[in-house]
Amino acid sequence: MSAVSQVEVHEHSEHAHEEHHELGFIRKYIFSEDHKVIAKQYLISGIVWAVLGALMSLVFRLQLGFPEMDMAWMKPFLGDWISLDDKGLGKLDPNFYLALVTMHGTIMVFFVLTAGLSGTFSNFLIPLQIGARDMASGFMNMLSYWIFFISSVVMFISLFIKTGPAGGSWVIYPPLSALKEANPGSGDGMTLWLVSMALFIVSSLLGGINYVTTVINLRTKGMSMDKLPLTIWAFTFTAVLGILSFPVLLSAALLLIFDRSFGTSFYLSDIYINGQALPNQGGSPILFQHLFWFLGHPEVYIVILPALGLTSEIIATNSRKPIFGYKAMIFSMAGIMFLAFIVWAHHMFVTGMNPFLGSVFMLLTLIIAVPSAVKGFNYITTLWKGNIIFTPAMLFAIGLVSFFISGGLTGIILGNSALDIQLHDTYFVVAHFHLVMGSAAIFGMLAGVYHWFPKMFGRMMNNTMGYIHFWITFIGVYLVFFPMHYIGIAGFPRRYYQWSGFETFNTYMDLNAFITIAAIITVFAQAVFIFNFVYSIFWGKKASQNPWKSNTLEWTTPVNPGHGNWPGEIPTVYRWPYDYSKPGAPDDFIPQNVPYSATPESNLPEENELIAAEKEINSIKYDTSLHD
């Protein structure tokens, strides 16, 4: 984009902000157009959904770990989904078990790890780190959150209908999801699931378009693309992934609605119910799998890329070192984004696809491990011989790297079609994606909350509680998911209500009970974080302007920035964001808005040559003042 057009966009943004006046409570905190408030709305919504999703996982883990357990004590909470026998002993309804698995996956993947993670930090950090007053469209940003909120309400309502929420796993494969008669979870709960997801996709597209537009058009003076923090690169690639892949899931959902409600046969053919043939002919459930996984695999990176971006910033800041391989990190994310679109059918090796086609997807799947490995190596190299400060955020970032590597290694195993056919739909797969995607992304999100909490709320979180939270959670995650690899190799299938009827699996019941106990401890450890989070918002130690001595622009704003972020002129950017521990510099960090002419003692020869360019950057004129 030309300098002139970028100036015009800035002028338009500035004049729009000049018209701001004091807003009432509803416009300021509820229907807000301030990106920081919207980020907090996403964050709090994500935390609420995470608690609900985690509690669901405990219910079905109790069923799996202790299948003969009396669950009558849960009847006041679950109602008719707990059935009582003649002795008054309670059992979890098998249909509701499947619904719990479905809702847990849906909530964690979409409402927590997509909306909660990307919605929070893309909204919060993009304007602050590129030097913009706000998003390109504040109204579209507000609309994005509230459509997501409506989507959440629809999904929440489905928990209370008589037939229960959707039951068919979060992948909702037809024909189970296409026939209302298939099971209770295929009824109205499935319809509400599809409506909720359609709304969610609209929300995600509005947000993604806004993020990309803001990064391209609203960067401050001097903020060229090669000076962007890796967080912004990650959010931008994530937004592009969502814009290109989410419409495919929307089309899959719409076709499924047609099959369910209007008699079409996109996914149905030769179906019999109680011996009676249905009239549907010509459809294929495999079509749905292609459409779903064309979103489903990019979704893995929509979830993990923002977490990797946050981790890049946190590890560099707390290692007091420049990030190793800045350009390699960008190219690796670009490679991941591209390859993410052409590996989807590795989820479908057991569908009877042509073996040659399977070998193509296997090769591409193994190739995508290369840019992922680049990121892992670069994180380790950044940590190597760094002057590491072990803040809670840093610990969670290192925890992400650990999960990303250990879970990623099992991905190489599953990427091999000959092995995947044996392990498909076993607990080996559950262990793999809960480590590399679920736990790693959650740790990235938690690292981000601990690191940017002072900028969000103007106060500090309690470090001691942060350390307790990290160690219990980190150890607990490995105790939960590492043993699943072994029971997966032994053949334990996913989504089974119980295994006590299989003599072979009874050997592993003690291990399964151990996993359940570890899961209970890990989930309840999150209460430490929630208490710390809520308490610190109101009574935490007041934060300084730049508590982590970081280089990026968000730390140049006031402790509690208002709408518009900077009260006066937006800082001009002269250098990249990772000038840490530079030889000759009086401090171990040099913020991006410090010109090279102010640091002659630490400049490299090529940086001295950039001093002449500072005059050209400063000569760009546009009004950057903010008038309330």
Side-chain angles (χ1 to χ4, degrees), residues 49-109 155-173 176-177 180-190 192-193 425-427 430-431 434 438 480-481 483-484 487-488 492-503 505-506 508-524 526:
W49 274 114
V51 170
L52 187 59
L55 292 176
M56 287 179 176
S57 71
L58 289 190
V59 176
F60 64 72
R61 274 299 341 160
L62 283 172
Q63 169 62 37
L64 293 171
F66 307 98
E68 307 303 326
M69 177 183 181
D70 177 17
M71 295 190 179
W73 59 276
M74 283 197 284
K75 191 168 180 62
F77 306 102
L78 300 181
D80 293 340
W81 298 116
I82 299 291
S83 57
L84 301 178
D85 61 16
D86 296 337
K87 299 179 181 179
L89 299 178
K91 293 287 290 182
L92 184 69
D93 184 273
N95 289 311
F96 191 62
Y97 169 84
L98 184 58
L100 285 173
V101 173
T102 303
M103 295 302 290
H104 168 75
T106 302
I107 286 168
M108 299 306 291
V109 170
M155 190 68 74
F156 189 70
I157 289 172
S158 75
L159 298 173
F160 299 96
I161 61 176
K162 186 173 181 180
T163 54
S169 155
W170 76 282
V171 296
I172 59 162
Y173 284 167
L176 187 61
S177 59
K180 295 180 181 180
E181 308 89 343
N183 77 346
S186 301
D188 292 338
M190 184 64 69
L192 290 173
W193 190 98
D425 263 348
T426 69
Y427 266 76
V430 176
H434 274 85
V480 170
F481 297 116
M484 286 186 186
I487 64 174
F492 270 64
R494 301 168 61 184
R495 308 184 187 109
Y496 273 38
Y497 173 69
Q498 68 181 60
W499 300 299
S500 54
F502 300 90
E503 185 176 347
F505 295 155
N506 285 335
Y508 299 92
M509 289 309 295
D510 289 343
L511 186 58
N512 209 25
F514 173 82
I515 292 171
T516 298
I517 293 169
I520 292 170
I521 294 171
T522 305
V523 167
F524 279 102
Q526 307 317 302

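Just so it is clear, the values below take in all heavy atoms, side chains as well, and ignore hydrogens, waters and symmetry mates. As the structure is a computational prediction, the values presented were derived from the model and not from experiment.
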More than 12 foreign heavy atoms under 6.0 Å from OH of Tyr496: is that the case here?
-> no

Give a yes or no on this: more than 12 heavy atoms of other residues, nucleotides or ligands lie within 6.0 Å of atom CG of Asp188. no

Any side-chain to backbone donor/acceptor pair from [X] onto [Y]? Under 3.5 Å, distance only.
X      : Y      : value
Ser57  : Ala54  : yes
Thr516 : Arg61  : yes
Gln526 : Thr522 : yes
Asp93  : Ile82  : no
Tyr97  : Leu64  : no
Thr102 : Ser169 : yes

When Phe514, Tyr427, Phe492 are each screened for side chain to side chain contact (heavy atoms under 4.5 Å, CB included) with Tyr508, the one that passes is Phe492

Inter-residue atom distance [X].[atom1] - [Y].[atom2], 0.5 Å rounding:
X      : Y      : atom1 : atom2 : result
Leu89  : Met71  : CG    : CE    : 12.0 Å
Trp49  : Met103 : CH2   : CE    : 6.0 Å
Arg494 : Met484 : CZ    : CE    : 10.5 Å
Leu100 : Leu92  : CG    : CG    : 6.0 Å
Phe66  : Gln498 : CZ    : CD    : 14.0 Å
Leu511 : Ile515 : CG    : CD1   : 4.5 Å

Using a 4.5 Å cut-off on heavy atoms from C-beta on, say whether the side chain of [Y] contacts that of [X].
X      : Y      : value
Thr106 : Ile172 : no
Lys91  : Asp85  : no
Val59  : Leu78  : yes
Met56  : Leu159 : yes
Trp499 : Asn512 : yes
Ser83  : Phe96  : no

[X] and [Y]: which non-hydrogen atoms are nearest, and at how many Å?
X      : Y      : answer
Gly65  : Ala513 : O-CB, 3.8 Å
Leu84  : Ala72  : CD2-CB, 3.8 Å
Pro493 : Phe505 : CD-CE1, 3.7 Å
Met190 : Gly185 : CB-O, 3.6 Å
Phe481 : Ala431 : O-CB, 3.3 Å

Q) Run the salt bridge (Lys or Arg N to Asp or Glu O under 4.0 Å) check on Asp425 and Arg495 step by step: do they pass? A) CA-CA 8 Å; Asp425 263 348; Arg495 308 184 187 109; 3.4 Å; yes

